[in-house]
There are 2 protein chains.
Amino acid sequence: MEEIEFTIGHLSRETGCKIPTIRYYENIGLMPKPPRSTGNTRVYEHSHLQRLDFIQHCRELGFNQNAIRELLDLTDRPDQSCAAVTEIAQTHLETVNQRISRLTALKSELKHMITACEGGRIEQCRIIERLADHSHTTSRTQAK
Amino acid sequence: MEEIEFTIGHLSRETGCKIPTIRYYENIGLMPKPPRSTGNTRVYEHSHLQRLDFIQHCRELGFNQNAIRELLDLTDRPDQSCAAVTEIAQTHLETVNQRISRLTALKSELKHMITACEGGRIEQCRIIERLADHSHTTSRTQAK
DNA sequence: TCTAGGGTCTCTAGTTACTAGAGATACAAG
DNA sequence: CTTGTATCTCTAGTAACTAGAGACCCTAGA
């Protein structure tokens, strides 16, 4: 049913990640150096696909390479201490929470605009005023 | 109580955005060219601070300059047609929803790790396996 | 067996989005 | 008038890709 080994082109098509980018991730150590075929081509398997997918999602979500490296390390090194894991995970959890609340505010504002527009009302858009303020970062999210 | 006009240094401290970056945003048109003082320094006011804050949040959330430009245009041009606004807002709303669901999955996984660690259990971390899979995205990912 | 096509390889250089530094100017305090 | 701080413009460097050149490998068809 499934191929258990595949080429870089296949990996690229599956993930939507461009081939040079995959090789770039390998160079900077985000992706492991995969085994090579007799013809020297990279040979990947399912775990590579999962890892690349994870990296891509993280990039889209605005995490930089260091952050991604830390997140990957959480899985790569089960031998590291629980204290270290907790601390790193806690830090990232806070970042993630902040991003969720900002995105939620942005979402409600976009929905508001769509609704207002569909209702045919010409309304001044207040997206910046509502979302840019520092006070929105932690808790407050005003919808509507 | 509040200064109504301030310098680029003040703006930088308020937002945490570096001075050269502010000037860079001005060059590429994300920030407007502010009026100048007699000594040729840039003079900002509250709306600039809000706009810069918004831009920064968007960058952190992984939006690129074009996306930010579109979001800003939603507020800058109240004269544009409702259809255009709806379409742009709708597109970004879908992106935002996708990001929220990914971040939510990441969040629950981080929380799980923290809890497991605090409980002292040595547990294999499955963050990638649980989050990287295609099935976690609501609709199919659009690679850019 | 030759060869055309496609996919891969490495390496280099370009793009986007900043970021840091050099050198000059403005201005308030001592 | 000098010292210090902040600003100015301009250029060059960094991070994270991305595209292109030229060579190698491998399968299929003549």
Side-chain angles (χ1 to χ4, degrees), chain A residues 3 5-45 48-49 51-72 95, chain B residues 3 5-45 48-49 51-73 95 99 141-144:
Chain A
E3 318 158 57
E5 294 190 338
F6 41 82
T7 64
I8 197 168
H10 184 87
L11 183 59
S12 172
R13 281 185 298 278
E14 283 291 305
T15 57
C17 187
K18 288 165 185 167
I19 291 173
T21 307
I22 298 172
R23 293 198 274 248
Y24 169 72
Y25 285 152
E26 184 183 322
N27 276 333
I28 62 169
L30 280 187
M31 288 292 286
K33 285 187 190 300
R36 301 290 182 116
S37 71
T38 48
N40 199 35
T41 65
R42 290 166 176 84
V43 179
Y44 293 100
E45 42 156 274
H48 294 106
L49 197 151
R51 191 182 178 97
L52 182 53
D53 239 343
F54 180 76
I55 292 169
Q56 286 218 105
H57 290 349
C58 286
R59 291 297 297 126
E60 277 170 40
L61 296 171
F63 289 100
N64 65 17
Q65 290 185 354
N66 274 346
I68 296 173
R69 218 177 293 274
E70 278 192 352
L71 287 167
L72 288 170
T95 309
Chain B
E3 318 157 60
E5 294 189 338
F6 42 81
T7 65
I8 196 167
H10 184 87
L11 184 60
S12 171
R13 281 186 297 279
E14 282 291 306
T15 58
C17 187
K18 286 165 185 167
I19 291 174
T21 307
I22 297 172
R23 294 199 272 247
Y24 168 72
Y25 285 153
E26 185 183 321
N27 277 334
I28 63 169
L30 280 188
M31 288 292 286
K33 285 186 191 302
R36 301 290 182 114
S37 71
T38 49
N40 199 36
T41 65
R42 290 166 176 83
V43 179
Y44 293 100
E45 40 156 277
H48 293 106
L49 197 152
R51 191 183 178 99
L52 181 54
D53 239 344
F54 180 76
I55 292 169
Q56 287 218 104
H57 291 349
C58 286
R59 290 297 298 125
E60 274 169 41
L61 296 170
F63 290 98
N64 65 17
Q65 289 185 355
N66 275 346
I68 296 173
R69 217 178 294 274
E70 279 190 351
L71 287 168
L72 288 171
D73 281 354
T95 309
R99 287 181 189 184
T141 321
Q142 80 299 4
K144 48 173 183 168

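Note on naming: letters A, B, ... go to the chains in the order of the sequence lines (proteins, then strands), and numbering restarts at 1 for each one.
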Whole-Å distance, B/K33 NZ to D/dC8 P, equals 12 Å
One should read off an interatomic distance between B/I55 CD1 and B/T15 OG1, to the nearest 0.5 angstrom, of 10.0 Å
Shortest non-hydrogen pair, A/F63 vs A/I68, comes out as O-CD1, 3.8 Å
Rounded to whole Å, CG of B/N66 lies from C1' of C/dT16 at a distance of 10 Å
| message | With side chain to side chain contact (heavy atoms under 4.5 Å, CB included) as the criterion, how do A/Y44 and A/E14 come out once you've worked through the C-alpha distance, each side chain's angles and the decisive distance to 0.1 Å? | response | CA-CA 12 Å; A/Y44 293 100; A/E14 283 291 305; over 6 Å; no
Heavy atoms of B/R69 and B/G29 approach each other most closely as NH1-C, 4.1 Å
Sorted by number, residues from residues 18-28 of chain B placing a heavy atom under 4.0 Å from DNA chain C are B/K18, B/P20, B/T21, B/Y24, B/Y25
From CD of A/Q65 across to P of C/dA17 the rounded distance in Å is 16 Å
Looking only at heavy atoms, the pair that brings A/H48 and A/P34 closest together is NE2-CB, 4.2 Å
Exercise. Going through the checks in order, is the side chain to side chain contact (heavy atoms under 4.5 Å, CB included) test met by A/R23 and A/I8?
Worked result: CA-CA 9 Å; A/R23 293 198 274 248; A/I8 197 168; 3.6 Å; yes
Whole-Å distance, B/L52 CG to C/dC18 P, equals 11 Å
Whole-Å distance, B/Q56 CD to C/dT19 C1', equals 14 Å
**Prompt:** Where does the angle between the aromatic ring planes of B/F6 and B/H10 fall among parallel (under 30°), tilted (30 to 60°) and perpendicular (over 60°)?
**Reply:** tilted
Separation of D/dT7 atom P from B/L11 atom CG, nearest Å, is 10 Å
Distance col, row B/E26:CD vs B/L52:CG, nearest 0.5 angstrom, shows 11.5 Å
The correct set of residues in residues 34-44 of chain B placing a heavy atom under 4.0 Å from DNA chain D is B/R36, B/N40, B/T41, B/R42
Tightest non-hydrogen contact, residues A/L72 and A/R51, listed as CD1-NH2, 3.5 Å
From CD1 of A/I68 across to C1' of D/dC17 the rounded distance in Å is 12 Å
Rounded to whole Å, the CG-C1' distance (A/N64 to C/dT16) equals 16 Å
